[in-house]
Amino acid sequence: MEEVQESQTQLSFGQEDENEVIAESSAFVKGEAAEEFSSSPPKVDSEAEVLHEKVTKQIIKEGHGLKPSKYSTCFFHYRAWSEKTQHKFEDTWQEQRPIEMVLGKEKKEMTGLGIGVASMKAGERALVRVGWELGYGEEGSFSFPNVPPMADLVYEVELIGFDETKEGKARSDMTVEERIGAADRRKMDGNALYQEEKLEEAMQQYEMAIAYMGDDFMFQLFGKYRDMALAVKNPCHLNMAACLIKLNRNEEAIGQCSIVLGEDENNVKALFRRGKARAALGQTDAAREDFLKARKYAPEDKAIARELRLLAEHDKAVYQKQKEIYKGIFGPRPQPVPKRRNWLLVIWQWLLSVFYGLVTLFKRGRHKSD
């Protein structure tokens, strides 16, 4: 995928600003609306693994690599259902550091969930069932989340990734500069993985970088701090889009680009990548609209010109194909069929003309003699 630079100078992905990926969520953070939160947990056929007397796990999607240690900083999303009342709630991008805090030393109600997360690998998605004793207890919770008393819980958990206390402190204890710096390091790690074509792993790093700058955090930022955060956050979304396009997950790529365009409606890279994703989905009119708007701000960019040319060629091919289809439906214009000549009739007509000619000559000769 060729890059669309923001200046007039043509740059390849490998030459451009380090804030961008060189080359061209989990549904929980893909940049588009997450799948509908149903009133009951998903059905899973895999065998249940007993992690604790009150905790079992069924794998929905296999992960990769190692499991987190009890000192790891974990990034995960969960949805939860109360088996007692079918009450449901969810939380996004919880970060708990270290895991031993989740296992009962910090938040008692997270103990069962912590046991489940500690058994997972990065990228793994699982269904974790927790007895009320390791959940919200005998009294339940009447704040957020609202959990009935003595409610057994079912968690659908996705472990996005983790590290071994790399940042030195919990996200909630970081200053604004520290959070932005930690996110930027994640982004650079993602770029390195992208260079190695490890797209899934790269996306995990971008997702964790974005987790440092969630909506609650961004809402509190103004002026230069907001600009600093967006200078890291937006490239992460764009780089996620680049990975998703390569993986042919174009709907999700559109969502990532749209997040950036929500902050900067004239962002050329976001317009260009969203146009590519839309074109791949056959949304040619929407793709052309994105490319034309991108060309308005980067009129000399060859990549944009090439994509517009490809769309024009596609439209021409579609027109020719439709023309052939309609030709087959209505058929060719009928041509007059020449009549077969009757040679006997032709000879008879010729003899008659000769006879009448001789009669005419005879009459003229007789008239002169008279």
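Residue numbers start at 1 and run along the sequence shown. All values derive from a computational prediction rather than experimental measurement.
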CA sep, side-chain torsions, deciding dist, call: N191, D189, side-chain hydrogen bond (donor to acceptor under 3.5 Å, both in side chains)
CA-CA 5 Å; N191 290 358; D189 290 344; over 6 Å; no

Hey, which of K276, R278, K302 is the one that makes salt bridge (Lys or Arg N to Asp or Glu O under 4.0 Å) with E307?
K276

Do Y155 and R79 have side chains that get closer than 4.5 Å, going by heavy atoms?
no

Thinking salt bridges, do K224 and D227 make one under a 4.0 Å N-O criterion?
no

Verify whether the ring centers belonging to F272 and F291 lie closer than 6.0 Å.
yes

V157 and K57: CA distance, side-chain angles, deciding distance, side chain to side chain contact (heavy atoms under 4.5 Å, CB included) verdict
CA-CA 10 Å; V157 188; K57 183 184 79 170; over 6 Å; no

D290 vs L292 side-chain heavy atoms within contact, under 4.5 Å
no

Using side-chain hydrogen bond (donor to acceptor under 3.5 Å, both in side chains) as the criterion, point out the one residue from R226, K233, H237 that pairs with E263.
R226

Flag the pair R295 and D301 as a salt bridge only when some basic side-chain nitrogen lies within less than 4.0 angstrom of an acidic carboxylate oxygen.
no

Check whether any side-chain heavy atom of Q256 lies under 4.5 Å from a side-chain heavy atom of R274, and answer yes or no.
no

The criterion is side chain to side chain contact (heavy atoms under 4.5 Å, CB included); which residues satisfy it with K198, sequence neighbours excluded?
L193, E196, E201

Could you report the tightest heavy-atom contact between I180 and Y225, atom names first, then the distance?
CD1-O, 3.9 Å

Does any part of the side chain of L199, heavy atoms only, come nearer than 4.5 Å to the side chain of Y194, both counted from C-beta?
yes

Set of side-chain hydrogen bond (donor to acceptor under 3.5 Å, both in side chains) partners for R288, sequence neighbours left out:
D285, D315

Assess the residue pair E158 and K61 against the criterion (side chain to side chain contact (heavy atoms under 4.5 Å, CB included)); give the C-alpha distance rounded to whole Å, side-chain angles, the decisive distance to 0.1 Å, and a yes or no.
CA-CA 9 Å; E158 180 168 9; K61 185 186 78 172; 3.8 Å; yes

Within the 4.5 Å heavy-atom criterion, are E49 and T56 side-chain neighbours or not?
no

Using side-chain heavy atoms (C-beta onward) and a distance below 4.5 Å, is R129 in contact with L153?
no

I would like to know whether V128 and V154 meet side chain to side chain contact (heavy atoms under 4.5 Å, CB included); could you show each step before the answer?
CA-CA 6 Å; V128 178; V154 181; over 6 Å; no

Taking all heavy atoms of N266 and all of Y297, pick out the closest pair and write down the distance.
OD1-OH, 3.0 Å

Between R125 and E156, does at least one N-O distance fall below 4.0 Å, as a salt bridge requires?
yes

Is there side-chain contact between M203 and R249, with heavy atoms separated by less than 4.5 Å?
yes

